[in-house]
There are 2 protein chains.
Amino acid sequence: MALRHAVLAALLDEELSGYQVTKAFAAGVANFWHALPQQVYAELAKLEKEGMVAGREVVQEGRPNKRLFRVTGEGLAELEGFASTAAKPAFLREDLLVQVQAADHLDTGVLIGRLTERYAFAEAKAALFEEQLLRMRGDLDEAEFLLRGARVGPYLTCRRGRDFERANRDWCRDVMEVLRARQTAGGEV
Amino acid sequence: MALRHAVLAALLDEELSGYQVTKAFAAGVANFWHALPQQVYAELAKLEKEGMVAGREVVQEGRPNKRLFRVTGEGLAELEGFASTAAKPAFLREDLLVQVQAADHLDTGVLIGRLTERYAFAEAKAALFEEQLLRMRGDLDEAEFLLRGARVGPYLTCRRGRDFERANRDWCRDVMEVLRARQTAGGEV
DNA sequence: ACTGACTAGTCACTTTCTTGACTATGAGGA
DNA sequence: TCCTCATAGTCAAGAAAGTGACTAGTCAGT
């Protein structure tokens with residue numbers, strides 16, 4: 001039941017529409033969680049019913065009206081409660097890891113294909129996070145921003161996202177190297 | 001539907017009982033996936049019905065009998081199919097990230113508590129993975145093992161698990177440093 | 001004699017996540 | 001004019017994952 005808390009956390013700093021929250025989750029502001037539009041809207045509806053968020057209709061011209069949500073006092077209390085109970089650590093859960101686990105029994109060429117894809121994805125994602133970090137800290141250098149910046153929470157989670165994807169990228173590179181070296185060595189013998 | 005493939009991958013190198021697979025998943029051989037006993041047994045039953053794994057009863061003395069499973073040709077084909085379709089990249093999905101995202105609105109002391117817990121957990125997990133790696137490569141040095149060792153798949157995924165937990169540990173440390181520095185700086189102003 | 005831990009496994013239930021489709025409106029380009 | 005994309009959101013159904021409780025025997029320690 002952490003999706004609700006992720007939604008609350010996303011709404012803390014700004015008033016957003018469901019659509020905007022969705023975007024945030026899709027893009028990678030969801031460096032800290034991931035969810036589809038349907039889940040986001042459903043969760044927002046539940047949160048509103050429970051009084052954790054308050055929505056207000058905004059009439060727009062030239063595009064559909066929207067509802068902006070903000071976190072209420074109760075919502076903040078809920079988040080505080082969540083933060084004060086132990087967080088369960090996440091596990092790595094990647095299809096690619098399962099595939100590499102079976103590497104010795106599968107075709108190396110196919111696997112290298114998967115690794116190449118994941119490498120490119122990780123690289124792109126890391127670059128995206130890096131951009132976000134730059135935007136967030138503006139013209140301050142990182143140390144200064146972390147000490148005196150207004151909101152460091154999103155910055156810190158974004159940094160974790162960046163480093164995670166960098167680690168994925170490096171791991172893909174290393175695994176490909178090993179697989180290629182073994183192919184060559186296998187030929188030698 | 002990757003649990004089934006994770007189970008298949010776990011059974012590739014050795015014939016295991018459901019209980020042993022469970023252990024593997026619980027401990028951290030599940031560096032690449034995580035599942036509870038109930039899920040493992042249910043998946044094994046399904047896989048057997050579909051002919052992906054074959055079980056055989058082993059009568060034991062002094063302890064309950066068990067059923068050992070091995071992957072069949074069909075099971076291997078299923079894994080090959082899985083490896084040849086694109087792997088969907090995983091996202092970070094940690095309670096603690098959600099909590100840190102909201103850091104600017106929550107009590108720093110409470111958060112540092114969570115971070116300390118996660119730090120210790122990550123440290124312990126990383127050490128465990130490191131031990132496993134040592135066991136797997138025996139007296140060979142890493143480069144030699146990766147080039148000539150019999151089975152490198154599990155080694156490579158375990159290395160990813162270790163590095164993941166190290167990254168978690170380092171991130172926790174950095175976040176705590178930032179939060180503490182800001183508390184002090186806040187007091188100054 | 002009792003307690004707790006380990007082996008080996010199962011049932012029932014709930015929550016969460018994912019898939020796929022569908023409603024509208026307006027803007028910009030071929 | 002038609003097509004596609006972006007905004008803004010909803011419904012229904014199903015697969016996957018997680019929770020809690022429970023059986024039953026063995027072994028080591030207190």
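Chain identifiers are assigned alphabetically (A, B, ...) following the order of the sequence lines, protein sequences preceding nucleic acid strands; residue numbering begins at 1 within each chain.
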List the steps, then state whether side-chain hydrogen bond (donor to acceptor under 3.5 Å, both in side chains) holds for A:His5 with B:Asp95.
CA-CA 9 Å; A:His5 301 112; B:Asp95 290 353; over 6 Å; no
Chi angles and distances behind the side-chain hydrogen bond (donor to acceptor under 3.5 Å, both in side chains) call for B:Arg137, B:Tyr155:
CA-CA 8 Å; B:Arg137 72 172 181 259; B:Tyr155 191 89; 2.7 Å; yes
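B:Lys88 has a side-chain polar atom (N or O) that falls below the 4.0 Å cut-off from OP1 or OP2 of C:dT19. For the OP1/OP2 pair of D:dG9 and a distance below 4.0 Å, the side-chain nitrogens and oxygens of A:Tyr19 include no atom meeting the criterion. For A:Arg67, no side-chain nitrogen or oxygen approaches OP1 or OP2 of D:dT10 to under 4.0 Å. In this structure, B:Tyr41 reaches the C:dG9 phosphate: one of its side-chain N or O atoms is under 4.0 Å from OP1 or OP2. Under 4.0 angstrom from either OP1 or OP2 of D:dA6 there lies no side-chain N or O belonging to A:Lys23. At the phosphate of C:dT16, neither OP1 nor OP2 sits under 4.0 Å from any side-chain N or O atom of A:Arg4. Between D:dA17 and B:Gln39, no contact under 4.0 Å exists linking OP1 or OP2 to a side-chain N or O.
Residue-to-nucleotide proximity on DNA chain C shows that, of B:Gln60 and A:Lys46, the 5′-proximal contact is made by B:Gln60. Where A:Leu36 and B:Gln20 meet DNA chain C, the nucleotide closest to each residue was compared, and B:Gln20 sits on the side nearer the 5' end.
The distance from atom CD of A:Glu43 to atom P of D:dG9 is 16 Å, rounded to the nearest whole Å. In this structure, NE2 of B:His34 is placed 18 Å from P of D:dA16, rounded to the nearest angstrom. Rounded to an integer number of Å, the gap from B:Leu16 CG to C:dT7 P is 13 Å. Taking atom CG of residue A:Asn65 and atom P of nucleotide C:dG26, one finds them 11 Å apart after rounding to whole Å. Regarding A:Lys66, its NZ atom lies at a distance of 19 Å from the C1' atom of D:dT10, rounded to whole Å. Between A:Phe91 atom CZ and D:dA16 atom P there is a gap of 21 Å when expressed in whole angstrom units. The separation between A:Leu44 atom CG and D:dT10 atom C1' is 13 Å, rounded to whole Å.
The shortest non-hydrogen separation linking B:Arg169 to B:Glu123 is CD-OE1, 2.6 Å.
Of the candidate nucleotides D:dA17, C:dT18, D:dG9, C:dT18 has the atom nearest to the side chain of B:Arg93. Checking D:dA17, C:dC17, C:dA8 against every side-chain atom of B:Leu3, the shortest atom distance belongs to D:dA17.
In this structure, A:Arg135 does not pair ionically with A:Glu130, as no charged nitrogen and carboxylate oxygen lie closer than 4.0 Å.
The line from CG of B:Leu92 to OG1 of A:Thr157 is 10.0 Å long, rounded to the nearest 0.5 Å.
One donor-acceptor pair, N or O on each side, does fall under 3.5 Å between the base of D:dG20 and the side chain of B:Gln38.
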